[in-house]
Structure formats: structure tokens, C-alpha cells
There are 2 protein chains.
Amino acid sequence: MPKKQKTRCAILGLLSWQPMSGYDIKKLIQMGLQHFWNESYGQLYPTLNQLVAEGLATRKEGAGQGRRKRHVYSITAQGRRVFSDWLQEPTEPVPVRNEFLLKFFLTGRQEESQSMRLIEEYQRQEKERLEAFTMSEQILRKALRQRSLPDELIDLAGPAEDDSNQLLVFLLSLTHGIRMTEARLAWCGEALRSLRARKRRQTSAKRQS
Amino acid sequence: MPKKQKTRCAILGLLSWQPMSGYDIKKLIQMGLQHFWNESYGQLYPTLNQLVAEGLATRKEGAGQGRRKRHVYSITAQGRRVFSDWLQEPTEPVPVRNEFLLKFFLTGRQEESQSMRLIEEYQRQEKERLEAFTMSEQILRKALRQRSLPDELIDLAGPAEDDSNQLLVFLLSLTHGIRMTEARLAWCGEALRSLRARKRRQTSAKRQS
DNA sequence: TCAGACATGTAAGTCGTTACATGATTCA
DNA sequence: TGAATCATGTAACGACTTACATGTCTGA
């Protein structure tokens, strides 16, 4: 059986909002989904062609914003079916492949300072991530109060009588990232305390003997 | 510049414990690192050959446990250098590619029930994950009290005067997974409450008009 | 004797990034 | 005029999984 082809489904999902070009899709992903999804042009354009070949989308020439020709893709009825089938299918659990944890585990037989240095680096990274998240959250909460998508997104997202559902879901996706990041930071504190406590115990044990 | 080749480094890290066969490495990963790392045989065996070709490991024939011939790999001095260089290098932040969040985001313009169903599925998965984690944790905490690795690991891990440092690091890696899973579950609760609250507000607004 | 663990590997295919190639338009 | 943005694509490479192929040894 063929694999999931999540890129295909992600694209179909966005096209179900409104017709877009590959470039638009990339921008939309960068603005809205950056915290949990990414697609490169190297994936995007070939996949769009494939979608047309399969009859899940149609391409037509369009003028961008008075600029050169661009390819605007629309989802077909069949495309909508594929998309909504995918939504119904069971989602595979988040795969776990974490380079930091691998390194950390492998410092187990090295000096403790190595393990701690790794944690501190991780901590710095996650703090930065949290700041970025918090920024986005502020913008979104404001938008939620005004019940419409942020300016940068509104052109791309297409028309909707009431965006407040999409907005809430958007905000919750962001919250997910924030909670994860907070949990990672809390773990860093916990882990550093454990390692320091162990060090102290060892030092005092050595002094005793 | 060439990519990271984390598989290579992971293998070197494990070989730095003691000489092992490809099969041993696979087992060790399955038992100890399963929660944050994985390698398939399709990666493992070719990488081991590559390692020998590069002079980072040596291969010698060995008799398993009275069984057929097996290839036992040992790390070389150069291999140790490559490994410890990798430990020093900056770790790339955890990449974010979460199929659940993608789906969830894309239900924003569907019915709310879709979004909720997705969360509930996620919740079930994470609950199961948490149970598996808790089991492993119990075993590890017991081992930590006895200051030695669990039986299943002790043969593979090789000799060490005192494993309590490795053990603590092992436990902390596990704790990381547990904290993440707990955070995901907490988010599920939070998100479900938000969606329900919004539904109630809508319903009462409709009744008003 | 036969299932299951031990043990090593290859081939095909998917998935995904990066670098490259091209060229138009806009605006400072 | 030249940088930035708009816009579309390909080629090469690397990472990773799955299925396949092969064979041994142990113990119920």
C-alpha cells in the first residue's frame, strides 16, 4: 500500500479554502503553519502537478497582482473527497526522533558537565522558541477579539462569513506549541536540579571517605 | 557540506560503550532509546560497513552465544573523536512536523465536531503512550535504587564501575517523554473545553436572535 | 519438526531538503 | 541600476522505511 503523502493532503486542505498558486501556498504555510508544518518548493511544485494529473486539482493561468503569469490551482470535487477521507483516517502518532535526547542519553558515561551543557543549550533554544510563539499568540488573540483573521492572512485565506472558528483552532494549534515548549523548559529545570543534587551527593560522599 | 548523519553518530556512541554487532545495536536501541530514537536494519548495516570503510570502527568475526558467526564492531580512536566532536556541535532544534496539528488546523473551516473528534483520538493515543512510559519508569526507578542497569540492558551496556550516572540520565530521558505526553494531554483538555465553550456561546446566541 | 529468536544484508521506493536555473516586476 | 520580491520549476542528494532474501540455532 502507498504511503500517506501528507504533502498532497496538506495542499488539498489549503486549496479547499480557495484557489491558490504554489507560491501562495508556501506563504500561507510560512505564516500560519510554520510552528508545526513545512513544505519546500521542491515538494510543492511537483506535488501540484501530480495533483492535476490525478484530477484532484485543476490549473489555470492567472495574473498575480498585475505581475507575470502564475498558475492558480483549484480543488476538484474528487480532491475534496480525498481530503476529507484523509481527515477521517486515523492519524499516526507523533514520531519520536529527538537529536537532543539522543545526545543527552549518550553523555551518560561522560562527565556530568557534558550532560548539563547540553541541557543548557536546549534551554536556550526553547526559550527563544517560546518568545516567537508568544509574539504570534499576541497577534492572534487580538484578531480573535476582532473576530477576523490577521491582515497578512486574510487575502490568502479566502472568504468566510465568520472566521471565528478557524481563528480558535488556529489559536489552539499555537497553544499546543506553547504548552510543549513550556513543558520542555520545565523539564530542563527539573533535570538540571537532579544532576546538581547528584553531584553534591557524590562530592560529599568522596569527602567522607 | 555534508549533512549530519546522525545514524552514524548514534552508532558510534553506542559502540563507545563496548563492541557490539548490528543486531545488538538494534536491540539496545529498542530497549533503551525507543522513546526518542529508532534505526532500521536498512540503515544500520550499511552504516556499519561505511564506518569500517572510514576507519571509525573495525569489524571482527565473533561467535554470538555459541550461535553462527556474527560481526562484532569496535570503535576506533578516530571514531571516538568523531563522536565527541558531534557531542560538542550545536544540536539542531526539534523539527516540528505534526500530522495531528496539521489535520486539526485544517478542520478550522469544517464542523466543530471534526476538530473535537481529532482531539479525542489524539488524547487516546497519548494516554496509551503515557502508560507505556510509566511502566518503563517504574522499572528504571527500581534499578536506580539498586544502582545498576536493568538486567536486559546490563549485558549490552558493557562494564562500568558505577552506572548510576548513566541511570540518572536514562531516567531523565524517560521523564522528558513523560512530561511531553502529560503536556499534550493537558492541552487536549484545555482545547476541548475551549471548543465546547464556544459551541455553547454560539448556541445561546442563536437562541437569542 | 517447527516456531521463534538470532543474524546479516539488499533493493526499491518514499520523503524531503538544498542548490541551481530562470526570468519578470517593482521600488528605492 | 540593482536589490527585493514575485514566481516556477528541476536535479542531485540524503535520510529513512519496507519488503524481500537467506540462513542458523534453540527449545518446546
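What's counted below: heavy atoms across the whole structure, side chains too, no hydrogens, waters or symmetry copies. First the proteins, then the strands, lettered A, B, ... as listed; each starts at 1.
Rounded to an integer number of Å, the gap from NZ of B:Lys6 to P of C:dG16 is 14 Å. Across the protein-nucleic acid pair, B:Asp24 atom CG and C:dG9 atom P stand 13 Å apart, rounded to whole Å. Straight-line distance from the CD atom of B:Gln50 to the P atom of D:dC16: 12 Å, rounded to whole Å. Summarising the geometry, the separation between CG on B:Leu51 and P on C:dT8 is reported as 15 Å, rounded to the nearest angstrom. Atom NE2 in B:His71 sits about 11 Å away from atom P in C:dT10, given to the nearest Å. Separating the OH atom of B:Tyr73 from the P atom of C:dA7 is a distance of 13 Å, rounded to the nearest angstrom. Atom-to-atom, CD of A:Glu92 to P of C:dC15 comes out at 10 Å; the value is rounded to the nearest Å. Protein atom CZ of B:Arg70 is 18 Å distant from nucleotide atom C1' of D:dT22, rounded to whole Å.
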Requested in this report: Kindly indicate, with the supporting measurements, whether the criterion side chain to side chain donor-acceptor pair (under 3.5 Å) is fulfilled by A:Arg129 and A:Thr181.
Outcome: CA-CA 7 Å; A:Arg129 198 195 289 256; A:Thr181 310; 4.7 Å; no

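Side chains of B:His176 and A:Tyr122: a donor-acceptor N/O pair is present below 3.5 angstrom, by distance only.
A close approach under 4.0 Å does occur between a side-chain nitrogen or oxygen of B:Thr7 and OP1 or OP2 of D:dC16. In terms of phosphate contacts, B:Asn38 brings a side-chain nitrogen or oxygen within less than 4.0 Å of OP1 or OP2 of D:dT17. Applying the 4.0 Å criterion to OP1 and OP2 of D:dT18, one finds that B:Ser40 has every side-chain N and O outside that range.
Checking B:Tyr41 against B:Arg97, the closest nucleotide of DNA chain C that is more toward the 5' end is the one next to B:Tyr41.
Checked against C:dC15, C:dA5, C:dG9, the side chain of B:Tyr23 finds its nearest nucleotide in C:dA5. The side chain of A:Pro46 lies closest to D:dT10, out of C:dC15, D:dT8, D:dT10.
Salt-bridge formation is detected for the pair B:Glu126/B:Arg184: a Lys NZ or Arg NE/NH1/NH2 atom is positioned less than 4.0 Å from an Asp or Glu carboxylate oxygen. Look at B:Arg198 and B:Glu112 and you find a salt bridge, because one of the NZ, NE, NH1 or NH2 atoms lies within 4.0 Å of a carboxylate O, short of that distance. Using a cutoff of 4.0 Å between basic side-chain nitrogens and carboxylate oxygens, B:Glu182 and B:Arg179 are scored as salt-bridged.
Across all strands shown, B:Gly42 has heavy atoms under 4.0 Å from base atoms, whether or not it also approaches the sugar-phosphate.
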